[in-house]
There are 2 protein chains.
Amino acid sequence: MANIQQVAKHAGVSVATVSRVLTGKNIVTAKTKQKVEEAIQYLNYEPSMLGRNLRNSESRIVLILIPTISNPFYFEIIKGIENMALSQNYSILLCETDSKPEKEEIYFDLLRKKMADGIISMDPAVNVETLKELAENYAIIQCSEYGGGIGIPYVTIDSEEASYRAVKHLIQIGHRKIALMNSDEKFLYARERRMGYERALQEHDIPLDPDYILYTQELGFEEGQLAMKKILKLEDRPTAVFAVSDLLAIGALKEINAAGLHVPNDIAVVGFDKIDFSNMTNPALTTVAQPMYKMGTVAARMLIEKIQGKPVDSVVLGFELVIRESTTG
Amino acid sequence: MANIQQVAKHAGVSVATVSRVLTGKNIVTAKTKQKVEEAIQYLNYEPSMLGRNLRNSESRIVLILIPTISNPFYFEIIKGIENMALSQNYSILLCETDSKPEKEEIYFDLLRKKMADGIISMDPAVNVETLKELAENYAIIQCSEYGGGIGIPYVTIDSEEASYRAVKHLIQIGHRKIALMNSDEKFLYARERRMGYERALQEHDIPLDPDYILYTQELGFEEGQLAMKKILKLEDRPTAVFAVSDLLAIGALKEINAAGLHVPNDIAVVGFDKIDFSNMTNPALTTVAQPMYKMGTVAARMLIEKIQGKPVDSVVLGFELVIRESTTG
DNA sequence: GATGAAAATGTAATCGATTTCATTTTATAG
DNA sequence: CTATAAAATGAAATCGATTACATTTTCATC
């Protein structure tokens with residue numbers, strides 16, 4: 001496979017001139033340009049990014065950190081990131097951490113070893129201390145999930161308000177016994193969503209029942225089933241469930257069905273995220289739609305600006321409550 | 001950020017010695033080794049992969065080509081590939097082609113420009129001619145979907161047999177009017193699955209009804225709904241549907257429910273792939289389980305061997321019919 | 001202590017591009 | 001036609017590692 005030397009030789013010019021033709025930024029005579037392009041064609045030459053990247057001290061690769069690839073919540077975000085990144089000639093490397101520090105380290109190392117130019121972290125479980133430390137020397141953006149007050153720019157939605165609106169919807173259609181299926185409150189968004197839940201209840205003078213608040217380790221289908229099993233065993237059974245992820249809600253749905261109960265007549269269900277599957281279930285799921293694609297493009301743009309050394313500010317995007325069959329029948 | 005020169009200087013040795021300590025393959029005195037390690041520690045040095053990769057003429061990155069990230073079918077395969085790759089110090093770059101040649105080209109270029117060492121293609125829509133051409137100079141493996149007879153090693157299952165077994169199951173539980181929801185027969189696997197379907201029918205003297213065979217453009221939920229709508233309009237309505245992907249089957253499920261019919265009492269449904277969601281629906285889906293994780297690890301191993309210049313042979317893995325509520329109630 | 005082989009280390013080339021600075025060529029004006 | 005500025009091109013340094021080859025050090029042996 002040809003290199004730039006051979007192209008230069010074949011075209012009868014110096015490597016500098018070939019490089020000028022390649023990058024297109026410098027002035028080259030039309031005639032020389034043609035000679036060079038012919039040589040490139042003839043030799044089937046493709047410039048090596050290995051050489052270019054070393055010289056430019058960049059890899060043009062950005063890392064996306066997600067806890068698991070199995071949660072469809074990330075799809076649209078990833079698409080947004082990818083499209084923005086590709087348009088700026090960056091490639092994305094998808095990094096599944098399984099929320100394990102040792103896998104995280106593998107990808108952090110890629111950054112330290114210059115194999116990546118920056119990170120978009122969507123992993124709430126990520127080691128915040130390490131992230132903060134890395135952020136001093138490398139470009140890092142938090143997307144969707146974020147640790148507040150650690151000085152790393154983020155893009156997200158107002159979780160408290162979204163949660164408030166979801167619960168308010170349930171109250172407005174007549175529910176007063178509403179369960180909250182939340183994730184571990186070590187995550188900021190979990191605390192915010194509980195606060196929104198409480199605010200909606202308080203506003204309508206509904207007393208808080210601690211039995212109605214459940215915590216799950218992860219946001220998956222099985223955890224939703226498990227939590228729903230517990231809810232169904234409560235003496236004073238709730239008439240509605242607000243789950244902080246669609247997968248949890250879908251698990252709940254399945255469990256309610258298995259118990260021979262009807263959604264939404266016996267128990268109404270609200271999810272969070274508006275993943276594709278939320279529309280495929282029976283009944284279709286009422287859910288909070290995050291602007292995922294937008295989130296992705298914004299995060300990518302922020303990261304690229306950060307890589308270029310520009311200052312970037314955090315962004316809070318809007319959301320939308322999508323009302324479907326699981327609350328209105 | 002420090003480079004190898006500075007480490008060498010600080011440790012009072014040559015860069016060669018530092019490199020020897022880094023790679024660990026050459027003999028270095030315990031004393032010098034310690035000096036170097038202290039310098040590395042002191043300077044917070046991380047070797048740059050840009051330099052190393054240029055010198056070694058490798059990127060240690062492999063590409064995974066998938067049509068869309070939204071189909072959960074790819075999850076487990078990707079996990080398999082990733083784990084095997086990581087264990088061999090490769091990183092994976094997930095490439096969504098949207099089945100568009102122009103996006104494909106972006107990723108092929110990464111290979112040509114030495115930014116990637118090889119490709120695992122799972123995209124049946126991939127331009128076979130280009131792929132074949134690339135395979136002459138680069139390491140390429142086909143996974144799950146493959147073009148036969150083009151000399152590129154693949155790992156897959158026996159689609160014809162799997163399809164045969166799925167349809168046979170439907171026949172054994174009493175069905176004779178069985179629809180096939182297939183994808184475009186430009187894909188080899190689609191042709192193979194139709195053949196399996198026909199073989200099962202023939203074996204039980206069930207005449208082929210062309211109205212019972214439907215073709216969809218893609219393998220998603222909406223296409224399943226659409227196809228099911230058509231099936232429900234048939235005068236002589238089938239009592240069972242075999243869909244060549246779980247997403248199609250889930251779309252069918254939803255549509256059957258919407259029509260007020262019951263699965264499996266009115267219509268039984270069988271899917272293909274055993275994606276996570278096939279278990280989350282109501283009722284849970286009978287489906288053909290592909291050994292996806294295994295497929296991923298095998299494909300990754302094959303690719304790495306190919307990169308190392310070793311000869312590799314294609315592999316056909318087993319499958320399993322998972323019988324659940326959508327056929328047996 | 002001298003000898004020679006083996007072990008440890010150093011020097012310098014190399015991977016393949018980009019870019020600074022120097023040099024040559026071209027164009028413009030007088 | 002010459003002087004001069006501007007444009008085009010080339011030579012060589014550079015990015016940061018690895019490694020072939022050369023050189024020095026170590027150490028066992030006599």
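So that the names make sense, note that chain A is the first sequence line, chain B the second, and so on, each numbered from 1.
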Salt bridge (charged side-chain N to carboxylate O under 4.0 Å, His left out) filter on B:Arg112, not counting sequence neighbours, yields B:Glu105, B:Asp109
Could you tell me the separation between the NZ atom of B:Lys33 and the P atom of C:dT9, rounded to a whole number of Å? 12 Å
Going through the distances and angles, do A:Phe108 and A:Leu63 end up as a side-chain contact (heavy atoms from CB on, under 4.5 Å)? CA-CA 9 Å; A:Phe108 285 161; A:Leu63 268 36; over 6 Å; no
Treating primed atoms plus P, OP1 and OP2 as sugar-phosphate and everything else as base, which nucleotides of nucleotides 17-24 of chain D get B, S or - for protein heavy atoms under 4.0 Å? BBBB----
Whole angstroms only, please: what is the CG-C1' distance between B:Leu54 and C:dA13? 13 Å
Which whole-number value in Å describes the distance from B:Lys9 NZ to C:dT9 P? 21 Å
Near A:Gln88 CD, under 6.0 Å, is it more than 12 heavy atoms from other residues, nucleotides or ligands? yes
Bend angle of the helix from C:dG1-D:dC30 to C:dG30-D:dC1, from helix axes over five pairs at each end, nearest 10°: 40°
Determine the sole option in B:Asp313, B:Val315, B:Val312, B:Ile140 for which the side chain to side chain contact (heavy atoms under 4.5 Å, CB included) test with B:Pro153 is passed. B:Val312
Separation of C:dG16 atom C1' from B:Met115 atom CE, nearest Å, is 14 Å
Run the side-chain contact (heavy atoms from CB on, under 4.5 Å) check on B:Ser19 and B:Ile4 step by step: do they pass? CA-CA 8 Å; B:Ser19 179; B:Ile4 199 172; 4.1 Å; yes
More 5' along DNA chain C: B:Lys114 or B:Gly12, using each one's nearest nucleotide? B:Gly12
Listed by chain and number, what are the ring pair (Phe, Tyr, Trp, His ring centres under 6.0 Å) partners of B:Phe75, not counting sequence neighbours? A:Phe75
Using the side chain to side chain contact (heavy atoms under 4.5 Å, CB included) criterion, which residues pair with A:Glu76? Sequence neighbours excluded. A:Lys79, A:Met292, A:Tyr293
Ignoring hydrogens, what is the shortest heavy-atom contact between B:His10 and B:Ala39? Give both atom names and the distance. ND1-CB, 3.6 Å
Tell me whether A:Gln41 at atom CD has more than 12 heavy atoms from other residues, nucleotides or ligands lying less than 6.0 Å away. no
Using nucleotides 5-8 of chain D, report all nitrogen or oxygen pairs with the protein that are shorter than 3.5 Å.
unit_1	atom_1	unit_2	atom_2	d
D:dA8	O3'	A:Thr29	OG1	2.7

Do side-chain atoms of A:Asp98 reach the backbone of A:Lys100 as a donor and acceptor pair under 3.5 angstrom? no
May I ask you to say what B:Leu50 touches in the nucleic acid, namely base, sugar-phosphate or nothing, with a heavy-atom cut-off under 4.0 Å? nothing
Mind listing the closest non-hydrogen atom pair of B:Asp117 and B:Arg60 along with its distance? OD2-N, 2.7 Å
